[in-house]
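Inspection log for the structure reproduced underneath, given as C-alpha cells.
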Amino acid sequence: MRFSLKTLLWGILVIALVMVAVAALFPSPVAVRATPVTLGPLRVSVVEDGKTRIREKYTVSAPVSGRLSRIELREGDYISVDRLLAVILPSDPALLDQRSLAETHARVQAAEAAVLRADSREQQARIDFSLSQTKFDRAKRLLPQRGISQDEYDIAESQMLADKQAIETASFDAEISRFELKMAKAALNQFEQDDDEVQVAPFEIFSPIDGRVLRVMEKSSTVVTVGTPLIELGDPRNLEMEIDVLSTDAVKIRTGADVTIEHWGGESPLKGSVRVVEPGAFTKISSLGVEEQRVNVIADFNEPPQRIASLGDGYRIEARITINQLDKALLIPNNALFRYEQHWHVLVVQNGAAELRKVQIGVQNESQAQVLSGLVEGERVIEYPSDQLNPGTPVTVLD
C-alpha cells in the first residue's frame, strides 16, 4: 500500500496532537526547593551601625586667665590622679577689675553647689541600686519556681546592672565636682593680696582622674582665658555604645533589651544591653539623600574588660538590638510567602503536587515568619514559588 504525502502530514499532525494532549493531561513535574515547617525560637531585631564612646569624659579647662606653658602630654598617654597636666602663669591680678573678682567668687559658689548636687545624686543612685538589687534577688528565687517569666527576670537583671552603673557615674561626677571646686578656690586665691602687694605664682593644673589623654586642644604655649579647653581625659575601659536607629524602630526598643555587637573587628560577637532610649530625635540624611528621624540608643557592654580592651572611643560597630523574642513558634522562611487576593499564601507540597494554602502571619524577622494558622509542623512549603507553579502542578523536591 502506498501512502500519499497528504496522508503522512495528517498522520504527523495527529501524533503531535496526541502528544500535546498527553502532555496537558500528564504535565512533567517542576523541580522546586521545599522547606519543612518547624517549631523553634524566633528573634526579631533592629540592625544598625553605631559607635563606641567613653562613658565619662572630662575636659580640663583653664580656671584662670594667663599664659599657658607648653603641654608635654600627647594623645594616648596614661595619666593618674594628681599628675601635673598644665601650668598657667596668671595675668597680673592688679589688672583685673571687681567684675572679674565677683565672677571668680561666683564660680566658687557654683562649684560648691555642684558638689552638693553630685553628692545627692550619688546617694540617690545608691538607694535606687539597693531597691533594684532586692528586686533582682527576688527574681532569682522566683525564676526556678516559674513564679516569673524569663523576660521579667531579664528586665530585673538589666535594671540592677543599670543602677549599678549609675552609682559609678554619680561617683565620677562627685569626684569631678570636688576637683572643680578645688580649682575654683585656687583661682580665687590668685586675687589675694598681702600688705597691698600682689602675689603672682604659676597656677598648676593636676589630673582629676586615672585614665588616658584623649585630646590635647592647646599643645603650644599661648595666652588663654578662663574656660579655655586644654585637655580631654577619659578611661577607655569604661565604654558604652551609641546606636542611632529610626524613630519608628526606637518605639519598639525597651530598656534591658539584648544587644549583639557584630563586625567590630573581633573573632566573635560581643554582648550588651540597652540602658536608655533617648527621648529626643534628630534629623539625619541617609546615603540615598532621604531625610530620616533617628534616635540614639545607649547600650552597655556585658563583657569582661579584657574582651573589649582593643576597642577605643569612637570605634565603629554593628549592633543587633532584640525587640521581640519567641521561645517557641511555628516558622517558615519569608521567601515562601506571596500575596494573593490581599492575603498571605504559600504553596505546600502535598501528594507530589503544589497546593495553595492561605496562612496567617505573626511576627517576622529578616529571614523567618511566625505562622499563626494555615500550616502544621512538618509540612513542606515551596521556596521562591515561580510562575510555572499553579495549584495542582506536579513538583519534584530537590535535595
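Just so we're clear, the structure is a prediction, and the values are computed from it rather than from any experiment.
- In this structure, the side chains of V81 and S207 stay at 4.5 Å or more apart for every pair of heavy atoms.
- Interatomic distance, E366 CD to R43 CZ, rounded to the nearest 0.5 Å: 9.0 Å.
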Exercise for the section: Let me see the working for T260 and L270 under side chain to side chain contact (heavy atoms under 4.5 Å, CB included), right down to the final yes or no. Expected result: CA-CA 6 Å; T260 302; L270 300 173; over 6 Å; no
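- From L311, atom CG reaches atom CD1 of I261 across 9.0 Å, with rounding to the nearest 0.5 Å.
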Problem - Worked check of side chain to side chain contact (heavy atoms under 4.5 Å, CB included) between L337 and I332 - result: CA-CA 9 Å; L337 291 166; I332 61 172; 3.8 Å; yes
Practice task
May I have the step-by-step check of side chain to side chain contact (heavy atoms under 4.5 Å, CB included) for L85 and L233, ending in yes or no?
Solution key: CA-CA 10 Å; L85 299 178; L233 309 175; 3.9 Å; yes
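- Between K252 and V46 there is no side-chain heavy-atom pair separated by less than 4.5 Å.
- Under the salt bridge (charged side-chain N to carboxylate O under 4.0 Å, His left out) criterion, E240 pairs with R53, R55, R275, sequence neighbours left out.
- Residues satisfying the side-chain contact (heavy atoms from CB on, under 4.5 Å) test with Q370, not counting sequence neighbours, are L42, L326, A329, V363, L372.
- In summary, the side chains of D128 and Q124 do present a donor paired with an acceptor at a separation below 3.5 Å, with no hydrogens or angles considered.
- Within the model, atoms OG1 of T35 and CG of N335 stand 6.5 Å from one another, a figure rounded to the nearest 0.5 Å.
- Of the possible donor and acceptor atoms, one in the side chain of E303 sits under 3.5 Å from a partner among the backbone N and O of K271.
- Between the side chains of S286 and R294, no donor-acceptor pair of N or O atoms lies under 3.5 Å.
- Residues satisfying the salt bridge (charged side-chain N to carboxylate O under 4.0 Å, His left out) test with E204, not counting sequence neighbours, are none.
- Minimum heavy-atom separation, L73 to L84: CD1-O, 4.4 Å.
- Inter-residue side-chain proximity for F282 and V295 is flagged as unmet; no heavy-atom pair is nearer than 4.5 Å.
- Ion pairing between a basic and an acidic side chain is recognised when a charged N comes within 4.0 Å of a carboxylate O; E379 and R357 show such pairing.
- By the side chain to side chain donor-acceptor pair (under 3.5 Å) test, D249 is found to be paired with no residue, residues two or more places apart in sequence or in another chain being considered.
- Not one N or O on the side chain of S69 forms a donor-acceptor pair closer than 3.5 Å with the backbone of I88.
- In this structure, the side chains of T255 and V277 stay at 4.5 Å or more apart for every pair of heavy atoms.
- Heavy-atom minimum distance, V346 versus A336: CG1-O, 3.6 Å.
- Other residues, nucleotides and ligands contribute only 12 or fewer heavy atoms inside 6.0 Å of the CD atom of Q388.
- The backbone N or O of L142 sits nowhere less than 3.5 Å from a side-chain atom of Q145 that would complete a donor-acceptor pair.
- Legend: ring-ring contact (aromatic ring centres under 6.0 Å, His included) pairs involving residues 206-244, not counting sequence neighbours: none detected.
- In terms of modelled atom types and a separation under 3.5 Å, the side chain of D77 and the main chain of R74 share a donor-acceptor contact.
- Atom OG1 of residue T52 and atom CH2 of residue W264 lie 11.0 Å apart, to the nearest 0.5 angstrom.
- Under the ring-ring contact (aromatic ring centres under 6.0 Å, His included) criterion, the residue pairs touching residues 116-151 are F136-Y153, with sequence neighbours excluded.
- Two residues are said to be in side-chain contact when any heavy atoms from C-beta on lie closer than 4.5 Å; I243 and N296 fail this criterion.
- At a threshold of 4.5 Å between non-hydrogen side-chain atoms, the residues P41 and D327 do not count as touching.
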Exercise for the section: Give the intermediate values and the outcome of side chain to side chain contact (heavy atoms under 4.5 Å, CB included) for residues I205 and V87. Expected result: CA-CA 6 Å; I205 304 175; V87 178; over 6 Å; no
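- Nearest approach of P29 to V395, heavy atoms of both residues: CB-C, 4.0 Å.
- By the rule that hydrophobic residues join a cluster once side-chain heavy atoms approach within less than 4.5 Å of another member, Y384 and V359 end up as members of separate clusters.
- Sequence neighbours left out, the pairs with a member in residues 44-80 that pass ring-ring contact (aromatic ring centres under 6.0 Å, His included) are Y58-F179.
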Problem - side chain to side chain donor-acceptor pair (under 3.5 Å) assessment of Q123 paired with D119 - result: CA-CA 6 Å; Q123 185 178 2; D119 289 341; over 6 Å; no
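- With sequence neighbours left out, N324 forms a side chain to side chain donor-acceptor pair (under 3.5 Å) with no residue at all.
- Listed by chain and number, the residues in a salt bridge (charged side-chain N to carboxylate O under 4.0 Å, His left out) with D49 are R316 (sequence neighbours excluded).
- Side-chain contact annotation: N334 with Q368, donor-acceptor N/O pair under 3.5 Å absent.
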Distance-only donor-acceptor pairs under 3.5 Å for side chains of residues 213-224, two or more places apart:
| unit_1 | atom_1 | unit_2 | atom_2 | d |
| --- | --- | --- | --- | --- |
| S221 | OG | R67 | NH1 | 3.4 |
| S221 | OG | L68 | O | 2.9 |

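- Contact of the D210 side chain with the D235 side chain is not registered, since no non-hydrogen atoms from C-beta on lie closer than 4.5 Å.
- More than 12 heavy-atom neighbours from other residues, nucleotides or ligands sit within 6.0 angstrom of CD on Q306.
- Taking each heavy atom of P236 and R212 in turn, the nearest pair found is CG-CD, 3.6 Å.
- Applying the ring-ring contact (aromatic ring centres under 6.0 Å, His included) rule to pairs touching residues 323-382 yields Y340-H345, sequence neighbours excluded.
- Here K51 does not pair with D313 in a salt bridge; the nearest charged N to carboxylate O distance is not below 4.0 Å.
- Around atom CZ of R380, no more than 12 heavy atoms belonging to other residues, nucleotides or ligands sit under 6.0 Å away.
- Rounding to the nearest 0.5 angstrom, the gap separating the OH atom in Y315 from the OG atom in S310 is 7.5 Å.
- Between the side chains of R254 and T322, no donor-acceptor pair is found at a separation under 3.5 Å.
- Checked by atom type and distance alone, the side chain of R320 never pairs as donor or acceptor with a backbone atom of V47 at under 3.5 Å.
- Atom CD of residue E75 and atom CD1 of residue I231 lie 9.5 Å apart, to the nearest 0.5 angstrom.
- K284 is linked by a side chain to side chain donor-acceptor pair (under 3.5 Å) to D244, counting only residues two or more places apart in sequence or in another chain.
- Pairing each heavy atom of P229 with each of T59, the nearest pair is CB-CG2, 3.9 Å.
- Atom NZ of K135 has 12 or fewer neighbouring heavy atoms from other residues, nucleotides or ligands inside a 6.0 Å radius.
- Between the side chains of T283 and Q293, at least one donor-acceptor pair of N or O atoms lies under 3.5 Å.
- Side-chain contact check for R33 versus I382: every heavy-atom pair is 4.5 Å or farther apart.
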